[in-house]
Asks: 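The structure's right below; bear with me while I get my questions together.
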Amino acid sequence: MFYRKEKLRFQCTGCGMCCMGNNDDDYIAADPHEQERIRAFLGVTQQWFRRRYIVAVDHGTQGIRIDNSGRCAFLDRANRCRIYAVRPRQCRTYPFWPEVLANRSAWQAEARQCEGIGRGTVIPLTRIKHALKASGD
Ligand code: SF4
Ligand code: SF4
């Protein structure tokens, strides 16, 4: 695994690019526990939360809604996450996802979408492994 040998740098700039333009995806993954945490954070009713922010996909799966232009339902007009403190695992572990860390080319390709890749200090391997484990690798 290339990430074990290379020093990977990452520092999120908060540009919001990874939260928009998701035309290939139907939803942002968020399990029921994560959904409840977000709902409580927002202080809204379950009914309101589900109607406004949650989308049902196949096989009973639910996730955070993405609008027709590919923007996450929680991205505000200034392109900031409205629920950053309680954002789901998919968002917390980015960009340390198995497919992004599969090889150097995948990491470099992702850097073209995310300006935080390659910035800042070197991320400790333990943190990368932790993110990978949390993202289900
Ligand atoms: S695209 Fe990268 S730098 Fe921009 S908000 Fe997402 S993780 Fe942060
Ligand atoms: S929940 Fe927040 S961090 Fe995750 S995609 Fe939506 S706006 Fe981005």
Side-chain angles (χ1 to χ4, degrees):
M1 289 293 187
F2 95 102
Y3 65 85
R4 292 176 189 271
K5 299 178 192 148
E6 299 209 7
K7 296 187 188 322
L8 302 186
R9 295 175 189 274
F10 172 67
Q11 184 174 39
C12 180
T13 65
C15 71
M17 284 302 290
C18 57
C19 313
M20 62 180 89
N22 287 310
N23 292 317
D24 295 339
D25 297 325
D26 298 326
Y27 64 100
I28 307 287
D31 66 24
H33 176 71
E34 291 174 320
Q35 289 180 29
E36 175 53 25
R37 228 158 56 107
I38 297 167
R39 188 205 63 76
F41 178 80
L42 292 171
V44 297
T45 65
Q46 286 193 350
Q47 192 180 19
W48 173 261
F49 180 76
R50 295 179 68 76
R51 191 169 59 220
R52 179 131 191 202
Y53 300 115
I54 299 301
V55 63
V57 285
D58 51 355
H59 307 300
T61 306
Q62 297 178 343
I64 297 169
R65 188 182 297 280
I66 291 174
D67 72 15
N68 290 339
S69 60
R71 292 172 64 91
C72 173
F74 293 120
L75 195 63
D76 71 12
R77 288 178 184 216
N79 293 336
R80 298 284 166 169
C81 176
R82 292 201 290 123
I83 57 152
Y84 192 80
V86 291
R87 66 199 187 285
R89 190 171 52 233
Q90 174 174 328
C91 308
R92 280 187 286 108
T93 57
Y94 181 81
F96 304 112
W97 294 349
E99 61 270 37
V100 177
L101 292 172
N103 50 56
R104 186 180 296 109
S105 318
W107 179 253
Q108 289 171 341
E110 196 69 20
R112 291 196 280 278
Q113 317 292 325
C114 168
E115 65 181 23
I117 292 177
R119 282 180 191 249
T121 55
V122 172
I123 303 299
L125 185 57
T126 48
R127 187 181 146 196
I128 295 173
K129 285 182 177 171
H130 185 75
L132 269 175
K133 193 171 175 194
S135 66
D137 187 42

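Order of listing sets the numbers, starting from 1, for every ligand and every atom in it.
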Asks: Under 4.0 Å from a heavy atom of C18: give me the atoms of ligand 1 that qualify, with their elements.
Replies: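 Every atom of ligand 1 under 4.0 Å from some heavy atom of C18: 1 (S), 5 (S), 6 (Fe), 7 (S).
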Asks: In ligand 1, which numbered atoms sit nearer than 4.0 Å to a non-hydrogen atom of T13?
Replies: 3 (S), 8 (Fe)
Asks: Would you mind listing which atoms of ligand 1 come within a distance below 4.0 Å of any non-hydrogen atom of Y94?
Replies: 7 (S)
Asks: Between E110 and Y94, is there a side-chain donor-acceptor contact under 3.5 Å, judged purely by atom types and distance?
Replies: yes
Asks: Nearest heavy-atom pair of T93 and A131: which atoms, and what distance?
Replies: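 So the minimum-distance heavy-atom pair works out to CG2-O, 3.6 Å.
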Asks: Give me the residue, atom name and distance of the protein heavy atom closest to atom 4 (Fe) of ligand 1.
Replies: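 For this ligand atom, the closest protein heavy atom is C15 SG, 2.3 Å.
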Asks: Do W48 and I54 share a hydrophobic cluster (ILVMFWY, side-chain heavy atoms under 4.5 Å, transitive)?
Replies: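 Same cluster.
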Asks: Of the listed options (C72, C19, G16), which comes nearest to atom 6 (Fe) of ligand 2 when hydrogens are ignored and any heavy atom counts?
Replies: C72
Asks: Flag yes if I38 and V55 sit in one hydrophobic cluster, no otherwise; membership is Ile, Leu, Val, Met, Phe, Trp, Tyr, and two members link when side-chain heavy atoms are under 4.5 Å apart.
Replies: no
Asks: Please answer whether the main-chain N or O of I117 pairs with a side-chain N or O of R9 as donor and acceptor at a distance below 3.5 Å.
Replies: no
Asks: Going by the order shown, which atoms of ligand 2 are within less than 4.0 Å of some heavy atom of I83?
Replies: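 Per the distance check, 1 (S).
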Asks: List ligand 2 atoms under 4.0 Å from C91, heavy atoms only on the residue side.
Replies: 1 (S), 3 (S), 4 (Fe), 5 (S)
Asks: Would you compute the distance between atom SG of C18 and atom CD of Q90 and round it to the nearest 0.5 angstrom?
Replies: 9.5 Å
Asks: Got an N, O or S from C12 under 2.8 Å of atom 8 (Fe) of ligand 1?
Replies: yes
Asks: Look at R37 together with E34 and state whether they make a salt bridge at an N to O cut-off of under 4.0 Å.
Replies: no
Asks: Name the closest protein heavy atom to atom 2 (Fe) of ligand 1, giving the residue it belongs to and the distance to 0.1 Å.
Replies: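 The answer is C114 SG, 2.3 Å.
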Asks: List every atom of ligand 1 that sits less than 4.0 Å from any heavy atom of G116, numbering the atoms from 1 in the order shown and giving each element.
Replies: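 Near G116, meaning under 4.0 Å from one of its heavy atoms, ligand 1 has 3 (S).
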